[in-house]
Amino acid sequence: MIIAPKLLSRLGTLSLADACELASRARAQGLRPILEWDVLSTENQMQDVIKALINFPVDLFAAVRVQDQGVFYFVKNEWINISIILILETAHHNFLSIEKMLDFGGKRVERVALSLELPKNIIADYCAKLTVPVEVLAYGRILLFYTPRSLLQNAKAKTLNQLSSPLPEVIEMSASSEESPHRGFPVIENTHGTFMFNTKNLCLLEQLIELAELGVKFFRLDLRYDDSFPLITDMIDLHQNFSVEKALILKEKLKDLFPLTRGFYPVNKTNVLFEKLKNQNLVTTDHSEKLGEVVDVLKGEYLAIELNNAQTDLRTGDFLTLTTPEGKIKTMRAMKIKNLSGDIIDHAIPGSIVLVDHLRGISAKSLVSKTELQ
Amino acid sequence: MNDFLTPELLSPAGSLEKLRVAVLYGADAVYLGGQKFGLRSAADNFSHQELLEGVTFAHAHGTKVYVVLNSFLYDEDLAELPEFLNLLQTYAVDAVIVSDLGVVETVRRACQIPIHLSTQASCLNIYAAKFWKEMGVTRLVLGREVTLGEAKKIKEATNLEIEMFIHGSLCMSFSGNCVISNYTQGRDSNRGGCAHSCRFEYSLNDEKENLKSFFMSSKDLEGIRLIAEFAAAGIDSVKIEGRMKSHHYAGTVSKVYREALDFYKTHGHFETPQIYHWESELRKLSHRDYTEGSLLNPADDHSIFDERDHSEQEYVVTGIVREVIGIDWMIVEVRAHFGPQDILELMPHQGPVVEILYPKILTLNNEEILKTRPSTLVKMPYVLGANAWTILRKRIYVTESETTITDVPLEEQSATAP
């Protein structure tokens, strides 16, 4: 059972006293109370938090969940008897990174919560290799954005010009943009800042058996934010007596409350679009024949070429291949080379700009390479 | 006269050309990305050959080169890294900028290049700083939420080098903690695919209200008035954001901050009317409204830029001097239309701007022309202060609706976030 005090948890609402009370009750009922400390704090805020934690009965809790490396460092060195659960949901997309975190925490680390961006093949790989059990989020909101600034309060104040009454400590709104096809991002502002969530909740309830077979030992159900909390008994039942039918029924119930997604669990291809961000015809590549770039064209007169490869020069008679921004490829031979003073030269060094004969169809920004033979 | 301690000036170098511009206009160090492992997939970035050329050029001018490897890498990316690190070591780059713990460890195992922790890691407090020190980093680029006062405490507690942003666009989110693009555009924002969703206008709804707001967009950082505070806090390096921004930007911010830092170094204070000149120069760049962000106090509602980004700007780069021929001519690469009727300004690498009235413009074939075309070379009479990579600009007296796409280079129109 995760207990989230307002002071320490990004979206926590409990006072420290209530958190302790809840921890005691949880223990009495045979549950493991786990303290959540995932807020990001600058130095002054961190000192305030630490001051507020003097005399905090941390031994009421079975473990503490930490995300910020500073909190990890603090807990490891100052709360020396408590187990640590590492929330590795931001970054930590490679095994070495996780391994280093575990090395630092030593035997104190009892579990790691893996990133929501990892697909199942990587989850399986890490479960097999890691020396501590793995946790994944099986149901809950997907956090997209976290800022310490108060964004909703500002928007409300600005639009309404003057607020007649003070705003509540927690503001919730839904955000949509015409510049995005996705509608209705839940946004929450509280004392820690502003949080935006995905328009669909992560739901891997159907995959519980599969996840268990991959080696996942802990599933997290995060029901804090919407009306799904009454369904917790169904979820626990599903976990204890899994069947695909039950999972589908529960999924339908959840879908009525909020749209669902499997996120990146099946596959993560968030780097495949990168090539389209640039004109691949003009991507600079490393090959010794690359000569430079066309920087000016005067029809019927000349092409000006900047020789920008330090290892390649240009000599009279060299064969050239030119690739336009549209991908059209043409070849020519540099029979006459002029420098910018207008003198005919037979050799141009890297770093200079030279003029060669005009070639139809070639525009500025075309890439120029030297070729051996035509 | 005493020399007062001042931070290193670290400028962005989005391409080899911009590296030359930043170096010549006064950067002590530049940061750049290779074709992989950095956070700017859409930037030109450096091929290996360009990297070698860039390092050679920078080192010849006494400028350091830091290479960004600040993506959050997956295993398959990480496997390719050691080869690139070997290359960086061979090229003698001065440091790598890293945000991922796996990358930190890979660098440590593969080479001896100093490791700077990227702001992407959101290092915010002394405990986090101590953690990263134990991991082997030598410099922290602190999270942009950290105040100068807090930075001073972190430096004193860890004795690590501290670098902080002083100018440029700001992420609204804690850096490295935004994955909007991942889920909405299928582009990993932490591997270079940020789609700048924070700059969109949103409708905000609850039971009572329906508001329209650019509520997630931040104003741009400008810390020039706080140079004395940076120095007093013992900050080792002040960083300018903007690898995706223009030559004009790279040149102007490097020159302005160079002059300001030099003034402080000589005088030990910052009380000078020159500040108005420097601020005015910074306002000639395409920018959102400026804020001091969290440098003095945590950023508040005044730091939000509740407007659409626009291309309205006072000045535009008309050309870059590419070659000087004797004392008679300079060859200019045209970036935006200009003609003999325009008043141009040449921004020398050092010293005041030189006005060029009614410039004579020739083709390379010595034919006089009345209007230039972008992406061409023209010949103009030499102006004192002109050197290769000197920037020529002109003032544009236009409203937003009158600004044409050819007047403003594309790179200056784009919304840019760090």
Side-chain angles (χ1 to χ4, degrees), chain A residues 40-44 46 68-70 72-74 90-91 93-97 100-101 117 142 144-151 154-156 158-159 172-177 179-180 182 198 269-271 273-274 277-278 284-286 295-296 298 301 304 309-311 340-341 353 355 364-365, chain B residues 41-42 47-49 53 72-75 78 100-102 105 122 124-128 130-131 145-146 150 153-154 172-174 176-180 182-184 186-188 191-193 200-206 211 213 215-216 299 301 304 306 322-323 325 331 333 363 365 375-377:
Chain A
L40 300 182
S41 307
T42 63
E43 179 53 27
N44 290 347
M46 185 82 177
D68 176 53
Q69 279 88 1
F72 183 28
Y73 191 99
F74 172 84
T90 302
H93 295 157
N94 58 74
F95 188 74
L96 187 54
S97 168
K100 282 299 290 180
M101 291 290 279
E117 293 169 63
I142 299 169
L144 299 184
F145 172 95
Y146 169 19
T147 177
R149 299 194 225 179
S150 301
L151 306 185
N154 176 68
K156 278 179 175 265
K158 210 161 190 176
T159 310
E172 294 193 44
M173 297 189 93
S174 165
S176 301
S177 173
E179 295 163 76
S180 165
H182 307 273
N198 195 25
K269 291 185 174 177
T270 49
N271 61 341
L273 288 173
F274 290 172
L277 297 178
K278 282 194 276 197
T284 329
T285 50
D286 289 305
V295 289
D296 189 14
L298 189 59
E301 298 284 333
N309 180 356
Q311 289 154 16
L340 291 180
S341 300
I353 297 174
L355 308 182
K365 303 224 180 275
Chain B
S41 289
S47 68
H48 295 175
Q49 287 163 1
E53 210 171 318
F72 293 155
L73 299 186
Y74 285 69
D75 289 311
L78 206 56
D100 182 316
L101 186 51
E105 185 60 16
S122 275
L124 303 170
N125 52 61
I126 288 172
Y127 294 104
K130 287 181 174 172
F131 171 86
E145 295 75 18
V146 176
E150 290 171 320
K153 290 180 191 172
I154 292 170
M172 180 59 86
S173 170
F174 281 113
N177 284 264
C178 177
V179 288
I180 300 177
N182 304 44
Y183 285 90
T184 62
R187 286 161 45 174
D188 190 341
R191 279 193 289 175
F200 295 170
E201 184 180 37
Y202 287 86
S203 298
L204 290 167
N205 302 288
D206 60 13
L211 318 172
S213 175
F215 77 114
M216 297 166 79
D301 52 350
I304 297 165
D306 194 3
R322 297 305 304 273
E323 212 169 299
I325 302 175
I331 305 295
E333 185 184 346
T363 67
N365 277 359
S375 297
T376 58
L377 295 175

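Basis for what follows: all heavy atoms, side chains included, without hydrogens, waters or symmetry-related copies.
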- Enter the distance from A/Leu144:CG to B/Tyr183:OH here, rounded to the nearest 0.5 Å. 7.5 Å
- Sole residue of A/Asp68, A/Asn44, A/Thr42 in side-chain hydrogen bond (donor to acceptor under 3.5 Å, both in side chains) with B/Asn125: A/Asp68
- Measure across A/Ser97 and B/Asp100 and return the closest heavy-atom pair with its distance rounded to 0.1 Å. CB-OD1, 3.7 Å
- Query: Is it true that the side chains of B/Asp306 and A/Asn154 contain a donor and an acceptor less than 3.5 Å apart?
  - Reply: no
- Residue from A/Ala304, A/Ser180, A/Ala175, A/Ala364 scoring the most non-hydrogen pairs under 4.5 Å with chain B is A/Ala175
- Message: Show the nearest heavy-atom pair for residues A/Ser150 and B/Ile304, with the distance to one decimal.
- Response: O-CD1, 4.0 Å
- Could you tell me the separation between the CZ atom of A/Arg149 and the CE atom of B/Met172, rounded to the nearest 0.5 Å? 4.0 Å
- Query: Considering only heavy atoms from C-beta outward, does the side chain of B/Asp188 approach that of A/Glu117 to under 4.5 Å?
  - Reply: yes
- Task: Using atom types as modelled and distance alone, determine if a side-chain donor or acceptor of B/Ser173 lies under 3.5 Å from a backbone N or O of A/Tyr146.
- Result: yes
- Mind checking the OG-CD spacing from B/Ser122 to A/Gln69? Nearest 0.5 Å is all I need. 9.5 Å
- B/Gly102 and A/Asn94: which non-hydrogen atoms are nearest, and at how many Å? CA-OD1, 3.4 Å
- Please state whether the rings of A/Phe72 and B/Phe131 are parallel, tilted or perpendicular, taking 30° and 60° as the class boundaries. tilted
- Per-residue contact mode, B/Lys153 against chain A (heavy atom under 4.5 angstrom): side chain
- What part of B/Ile180 lies closer than 4.5 angstrom to a heavy atom of chain A: side chain, backbone, both or neither? both
- Query: When the ring planes of A/Phe74 and B/Tyr127 are compared, do they come out parallel, tilted or perpendicular, using 30° and 60° as the limits?
  - Reply: perpendicular
- Message: What I'd like to find out is whether the side chain of A/Met46 reaches to under 4.5 Å of the side chain of B/Ile126, using heavy atoms alone.
- Response: no
- Item | Minimum heavy-atom distance between A/Glu179 and B/Glu201, given as atom pair plus value | OE2-N, 3.1 Å
- Measure the shortest side-chain to side-chain distance between A/Glu43 and B/Val146 over non-hydrogen atoms and say whether it is less than 4.5 angstrom. no
- Within a strict 4.5 Å, meaning less than it, do heavy atoms of the A/Glu301 and B/Thr363 side chains meet? no
- So which part of B/Ile325 gets closer than 4.5 Å to some heavy atom of chain A, the side chain, the backbone, both or neither? side chain
- Item | When A/Leu40, A/Thr90, A/Asn198 are compared by non-hydrogen pairs under 4.5 Å with chain B, the top option | A/Leu40
- The interface call for B/Glu323 against chain A, heavy-atom contacts under 4.5 Å, is side chain
- Taking all non-hydrogen atoms of both residues, which atom of A/Met173 and which atom of B/Leu211 are closest, and how far apart? CE-CD1, 4.0 Å
- Contact class of B/Glu145 relative to chain A, heavy atoms under 4.5 angstrom: both
- Message: Report which part of B/Leu377 has an atom under 4.5 Å of a heavy atom belonging to chain A: side chain, backbone, both, or neither.
- Response: both
- Separation between CG of A/Asp296 and CD of B/Glu333, rounded to the nearest 0.5 Å: 9.0 Å
- Query: Using non-hydrogen atoms only, which part of B/Asn177 is less than 4.5 Å away from chain A: side chain, backbone, both, or neither?
  - Reply: both
- B/Ile331, B/Leu204, B/Ile154: which one forms the most heavy-atom pairs within less than 4.5 Å of chain A? B/Leu204
- Note on the structure: Taken to the nearest 0.5 Å, the spacing of A/Thr147 OG1 from B/Phe215 CZ works out to 10.5 Å
- Message: With heavy-atom distances below 4.5 Å as the criterion, would you say the side chains of A/Glu172 and B/Asp206 are in contact?
- Response: no
- Message: Any non-hydrogen side-chain atom of B/Arg322 less than 4.5 Å from a side-chain atom of A/Leu340?
- Response: no
